[in-house]
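Structure first, then comments.
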Amino acid sequence: MAPDPYIELLKKVISGHFHRENGMRINYLLNVAYGAQPFDLGKVLDIRSHASDALARIEADPDEASNYRERIFGFPYSMLGQKRLYNVEAALRIILHEKIPGDILEAGVWRGGACIFARMLLNHLAPDSDRLVWLCDSFEGLPPSEHEADKPHPFHLDLSLRCPLEQVRENFRLFGLDPDHKTRFVRGFFADTLPRLQTGGLSLLRADGDLYISTMDILENLYAQVVPGGFVIIDDYGALEPCRLATDEFRRRLGIRDPIRWIDWTGIYWRKGEAGG
Ligand SMILES: C[S@@+](CC[C@H](N)C(=O)[O-])C[C@H]1O[C@@H](n2cnc3c(N)ncnc32)[C@H](O)[C@@H]1O
């Protein structure tokens, strides 16, 4: 199928494709603030020329795995690169085509970009559909985790991983969406909110909580709600060992043999019941 120009543009806007230099600009200003570099207004105004090597590395890296620091400060709405956004698109197209019932849920939404993308895709491809998009997050960052696997990753201290609920709702509005239309916001740490959450069935579960404890809370509480043929996407499987451990442990415990497919350097997915289990 020929790419849909509207969806192609949407992916670029959501991933910050048109303003890749913003992350570099912020990174440079942080270095100035920390005293690592002298201030030079010319660099702020024309960071593309001054950081051309770093920019070229980013632009030449289709897997979007390198220069994470420059990238993260430049992500406007989502940390997902093009391939993981494409994976959401491909999964949704299959869900619609195969009429797999159920809502879309992301646990770990940060600025909401992946959910905005899913909501806009559904509005575009299936405007009459009553599928909901669920957004689950503390909206105040990650919890401190006592789990041994998480100890090397004190992400709860990382301010860049926090995004308040009202900012996510505002991001929906920026894209012309009513944040209360066919969406549900579930606010709080997964351990508190997910055990009580009843969705009525999920065709797509997107786990993006980084840690062992967060990934395990998502899978333990929501996997049963994924319908046969539904997609289970784990964003951090390649990037973060705690996430990989939790996923592998959960799959082993439940005897899940559905094949894992890689999306890019970090994201994976499987389809529930594909192996017939
Ligand atoms: C890597 S970011 C998610 C990126 C996002 N999916 C995107 O499109 O860019 C991780 C998010 O997970 C949330 N999070 C992680 N563990 C959590 C937990 N146990 N309870 C609630 N929120 C959690 C954080 O608040 C943060 O917003």
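Each ligand, and each atom within it, is numbered from 1 in the order the structure gives. Quantities reported herein were computed from a predicted structural model and do not represent experimental measurements.
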For this session: Taking N171 for its side chain and R111 for its backbone only, find out whether a donor-acceptor pair lies under 3.5 Å.
Result: yes
Exercise. Distance-only, no hydrogens or angles: does the R206 side chain make a donor-acceptor pair with backbone N or O of I233 under 3.5 Å?
Worked result: no
Distance to 0.1 Å, residue and atom name: give those for the protein heavy atom nearest to [atom].
atom	value
atom 17 (C) of ligand 1	F190 CE1, 3.4 Å
atom 25 (O) of ligand 1	D137 OD1, 2.6 Å
atom 4 (C) of ligand 1	D208 OD2, 3.2 Å
atom 12 (O) of ligand 1	G108 CA, 3.2 Å
atom 19 (N) of ligand 1	S214 OG, 3.1 Å
atom 1 (C) of ligand 1	D210 OD1, 3.4 Å
atom 15 (C) of ligand 1	L142 CG, 3.3 Å
atom 22 (N) of ligand 1	S138 N, 3.1 Å

Atoms in ligand 1 with a heavy atom of [X] nearer than 4.0 Å:
X	value
L80	7 (C), 8 (O)
A114	8 (O)
E106	6 (N)

Exercise. Does NE2 in H147 sit with more than 12 non-hydrogen atoms of other residues, nucleotides or ligands closer than 6.0 Å?
Worked result: yes
For this session: Only one of D103, I104, L132, D130 passes side-chain contact (heavy atoms from CB on, under 4.5 Å) with L122; say which it is.
Result: I104
Problem set entry | Quiz item: cation-pi between R251 and W270, 6.0 Å / 45° | yes
Exercise. Would K151 count as a cation-pi partner of Y212, with NZ or CZ less than 6.0 Å from the six-membered ring centre and within 45° of the ring normal?
Worked result: no
With nothing but distance in play, are any N or O atoms of [X] less than 3.5 Å from an N or O of ligand 1?
X	result
D217	no
F189	no
M79	yes

For this session: Decide whether the shortest distance between a heavy atom of G188 and an atom of ligand 1 is less than 4.0 Å.
Result: yes
Exercise. Strictly under 4.0 Å, does any heavy atom of L161 approach an atom of ligand 1?
Worked result: yes
Tell me which part of [X] gets within contact of ligand 1: side chain, backbone, both or neither, using heavy atoms under 4.0 Å.
X	result
E140	neither
P143	side chain
V109	backbone

Looking only at side-chain N and O atoms, does [Y] offer a donor or acceptor that is under 3.5 Å from a partner on [X]?
X	Y	result
D46	S49	yes
D40	H50	no
R84	N87	no

Problem set entry | Hydrophobic cluster identity match, L205 and I263, side-chain contacts under 4.5 Å | no
For this session: Using the six-membered ring wherever Trp is involved, compare the ring planes of W110 and F75 and label them parallel, tilted or perpendicular (cut-offs 30° and 60°).
Result: perpendicular
For this session: List the steps and the verdict of ring pair (Phe, Tyr, Trp, His ring centres under 6.0 Å) for F172 and F185.
Result: CA-CA 12 Å; F172 268 71; F185 290 85; 5.8 Å; yes
